[in-house]
Amino acid sequence: MPVARPEPQDARVIAHVDMDCFYVQVEQRKQPNLRGVPTAVVQYNSWKGGGLIAVGYEARKFGVKRSMRGDEAKKVCPDLQLVQVPVARGKADLNLYRNAGSEVVSILATEGRCERASIDEVYLDLTDAAESMLLETPPELLDELSDEALRSHVLGITGGEDDRRKNVKQWLCQTDADHRDKLLACGAIIVAQLRSKVLEETEFTCSAGIAHNKMLAKLASAMHKPAQQTVVPSSSVKDLLATFPVKKMKQLGGKLGSALQSELGVNTVGDLLHFPEEKLQEHYGINTGSWLWNIARGINGEEVEGRILPKSHGCGKTFPGPQALKTIASVEHWLNQLSEELSERIQTDFDRNKRVAHSLTLHARAYNANELDSQRKFPSKSCTLRYGTAKIQEDAKKLFDSGLRDFLGSQNSGWRVTSLSVAASKIFDTPPGTCSILKFFQAKNPSSSLSNVSNEFVEDDVAASPSGSRSYITAKEDEHLRELNCGETSDNNATPHQNITVQRNGKSNKKAKDKGTASILQFFSGSNSASAEQGCNEFSVDRAPVPPDRIGSESYPELTQQGSHTLEEHNSKGGIPHPAHTAQRSDSWVLDIGDIDPSVLDELPLEIQKEVRGWIRPSKRPNTAKRGSSIVHYFSSARSSQ
DNA sequence: TCCGCTCAATCG
DNA sequence: CCGATTGAG
């Protein structure tokens, strides 16, 4: 449900930029012979020619619609060129379009705050840029306005086709106008420039709306397509909304919009004006009611969030009709494919953006083969995400098994799975570090002899080294390590962390010694009391497997069952053990980091960094010094004290 | 149960 | 908080 937000009192300049039939443009850029000819993008094509997900403007003239089947579209437009979405691992692969979207965003994000609203849309808050322009180079002083700016549509500026351009020029440059209008004029000029730049640098056209809030900007961007922009002065809002169909408003395209029509007889946004706020609240709740009341008046306080990266990554596939999966083996096959793609995507996200995901969620849809009813839902399940394709695959399978048990309940009958998806969420930035010590863990690599090498090093060199209570090593030690290093960063993201061994602080770690292999986890695993005594940085780490001897005595923040703090609690609430608990050996866990300089992380091989950073989560309350203090908090305080 | 694949936001 | 639901494109 939408929620009303207070509208800032000062006028903002908000733009919504929408790529024109984006997937089609991406394909036309790749294959220029498709330019100018009716084109559509389909995914899959074996069944009725595949499903259209984007339709070029030439094809729209023939009545080709999105969500037609390819065969259907060919009937109304025999010359239609159908381009298939790339397929990888047996499923549609949208990376081509995601990356193209990033190209555009990187241009649009140069001016003002930028919010990536979808793969092909952004909102911009251009208030500051517009204010600056008004002060420094107001439109009326400009020698000449760009052609793109002059092609703007300004609602309320009447246009006999010929003189519309002249009137627009006049409007853009008017000197005696409302301050708010002048700001919009500046916004229009800036957006025109941005759109030209996008075209120049990416070959993509886009359309845009410029208004005082997101809602109006979004409405406006769709009014004149393709490759045009529309400005919404305040004076035009009332008329615009009076006849605007509620169902076409963002957020009102579904059940809420239908309810407005059937319950209140509201068909246009203007119709909403007749209802007092309280009335709308009675019907649709406090928040939604106020939101509706505001929308009717063109009021919308939603901020443009400064976010150009997605908050989650998901991979899914549907198995319609006869394709529904009915064996564990087929489910596992597809989970493997999906997990592989997901792993690749979060890997790329880390490489490009230094971000790590913390949560893995599995969704599925299923029905009972013999039951006629079969309305039961397949529950979503999530767990802490572990990096590495094999681990994601393993965890996804366990999550599925858990969900399937819930789904089936006591009975056991033939199930059918009609869709599967895995998603990575709770993505955090990893703070940049400064210090450079620890080439350290570069003693790495996976091949068999490795663990011996690093163990040897750890026990003979680090533990016995004069480093005393230092948690980092010297340049000499560093050199030594480099020799042991096997070279190239591994492309094997399944590098088992058990192979990365080191001992912490030169203290004897009994368990590690006993086993003869200390893990990187153990390196970080000081006892809580020790680190507390030392009064040093303490970091809570939330993802390591729980050592058997701690079960029942510690808290397990990594368990996803709500409100559970012990394994028993968790299990008694029907939770499942974290896959890692059963998957990991007991030589790898960590609870707190003691007096470790966190910048050591920067020097870890990327693979290890990802895993280690993945264990660390910023605390909600940085002030809880003892147990909640996060590595992120450490970094921010360390930086600010420099 | 043939509009597939993604994403975000809200809420209980 | 997780999981369900709604909605967008």
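By convention in this document, chain letters (A, B, ...) are assigned in the order of the sequence lines, proteins followed by strands, and residues within each chain are numbered from 1.
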Examine the base of B:dG4 for any acceptor or donor lying under 3.5 Å from a partner atom in the side chain of A:Gln43, and report the outcome as yes or no. yes
Under the 6.0 Å and 45° cation-pi test, does A:Lys354 pair with A:Phe350? yes
How many whole angstroms separate atom OH of A:Tyr284 from atom P of B:dC11? 16 Å
With heavy atoms under 4.0 Å as the rule, sort A:Lys317 into base, sugar-phosphate or nothing. sugar-phosphate
Say you pick atom P in B:dC2 and the same atom in C:dG9; how far apart are they, in whole Å? 24 Å
Have a look at A:Ile119 and say if it touches a base, only the backbone sugar-phosphate, or nothing, with a 4.0 Å heavy-atom cut-off. nothing
Please report, rounded to the nearest Å, how far the P atom of C:dA8 is from the CD1 atom of A:Ile53. 19 Å
Would you indicate what A:Ser312 reaches in the nucleic acid, counting non-hydrogen atoms under 4.0 angstrom: base, sugar-phosphate, or nothing? sugar-phosphate
What nucleic acid atoms does A:Leu52 come within less than 4.0 Å of, heavy atoms only: base, sugar-phosphate, or nothing? nothing
Which one, B:dC11, B:dG4, C:dA8, comes nearest to the side chain of A:Val3? B:dC11
Could you check whether A:Gly51 gets within reach of a base, just the sugar-phosphate, or nothing at all, counting any heavy atom under 4.0 Å? nothing
OP1 or OP2 of B:dC5 under 4.0 Å from side-chain N/O of A:Thr318: yes
Return whichever of A:Asp93 or A:Thr288 has its heavy-atom-nearest nucleotide of DNA chain B closer to the 5' end. A:Asp93
Separation of B:dC5 atom C1' from A:Arg66 atom CZ, nearest Å, is 12 Å
Would you say A:Arg345 reaches B:dC7's phosphate, i.e. side-chain N/O to OP1/OP2 under 4.0 Å? yes
Verify the distance criterion only: is there a donor paired with an acceptor across the side chains of A:Ser290 and A:Gln281 at less than 3.5 Å? yes
Main chain of A:Val304, side chain of A:Glu115: is a donor-acceptor contact present, judged purely on distance under 3.5 Å? no
Nearest-nucleotide wise, let me know which of A:Arg69 and A:Glu341 is further upstream toward the 5' end of DNA chain B. A:Arg69
I want to verify a distance call: between C:dT5, B:dT6, B:dT10, whose nearest atom is closest to the A:Lys377 side chain? C:dT5
A:Ile308 has an atom CD1; how far is it from atom P of B:dA8, in whole Å? 13 Å
Evaluate the side-chain proximity of A:Leu292 to A:Leu252: yes if any heavy-atom separation is below 4.5 Å, no if none is. yes
Quick check: do A:Thr348 and A:Asn95 have side-chain heavy atoms less than 4.5 Å from each other? no
Ignoring backbone atoms, establish whether A:Tyr44 has a side-chain N or O less than 4.0 Å from OP1 or OP2 of B:dC3. no
Could you tell me whether A:Trp415 and A:Phe378 have their ring centroids closer than 6.0 angstrom? no
note: A:Leu360, atom CG; C:dG3, atom P; distance rounded to Å ~ 12 Å
For a 4.5 angstrom cut-off between non-hydrogen side-chain atoms, does A:Trp334 reach A:Val417? no
If you only use heavy atoms from C-beta on, which nucleotide in B:dT1, C:dA8, C:dG3 is closest to the side chain of A:Tyr367? B:dT1
Check whether any side-chain nitrogen or oxygen of A:Lys250 sits under 4.0 Å from OP1 or OP2 of C:dA8, and answer yes or no. no
Could you work out which one of B:dC5, B:dC2, B:dA8 sits closest to the side chain of A:Pro310? B:dA8
Please measure how far the C1' atom in B:dA9 lies from the corresponding atom in C:dC1, and state the result in whole Å. 16 Å
What one should report as the nearest heavy-atom pair of A:Pro310 and A:Ile427 is O-CD1, 4.3 Å
To the nearest angstrom, how far is A:Gln251 atom CD from B:dA9 atom C1'? 8 Å
Taking only side-chain N and O atoms of A:Ser118, does any of them lie within less than 4.0 angstrom of OP1 or OP2 on C:dA8? no
Check whether any side-chain nitrogen or oxygen of A:Lys311 sits under 4.0 Å from OP1 or OP2 of B:dA9, and answer yes or no. yes
Take atom P in C:dT5 and the same atom in B:dT1, then report the distance between them in whole Å. 14 Å
Which nucleotide wins on minimum distance to the side chain of A:Lys91, given the candidates C:dG7, C:dA8, B:dC5? B:dC5
Rounding to an integer number of Å, can you tell me how far A:His16 NE2 sits from C:dA8 C1'? 10 Å
Check every strand shown and say whether A:Met249 touches a base, only sugar-phosphate, or nothing at a heavy-atom separation below 4.0 Å. sugar-phosphate
Distance below 4.0 Å between A:Ser382 side-chain N/O and C:dG3 OP1 or OP2: yes
Sugar-phosphate, base or nothing in reach of A:Arg416, heavy atoms under 4.0 Å: nothing
For a quick check of understanding: with a heavy-atom distance under 4.0 Å over all strands, which category does A:Pro322 fall into, base, sugar-phosphate or nothing? base
Would you mind reading off the distance between A:Tyr23 atom OH and B:dC5 atom P, rounded to a whole angstrom? 11 Å
To the side chain of A:Lys255, which of C:dG7, B:dC2, B:dC5 is closest? C:dG7
Looking only at the side chain of A:Arg98 (C-beta and beyond, no hydrogens), which of the listed nucleotides B:dT6, B:dT1, B:dC2 gets closest? B:dT6
With rounding to whole Å, what would you report as the distance between C:dG3 and B:dC3 at their C1' atoms? 25 Å
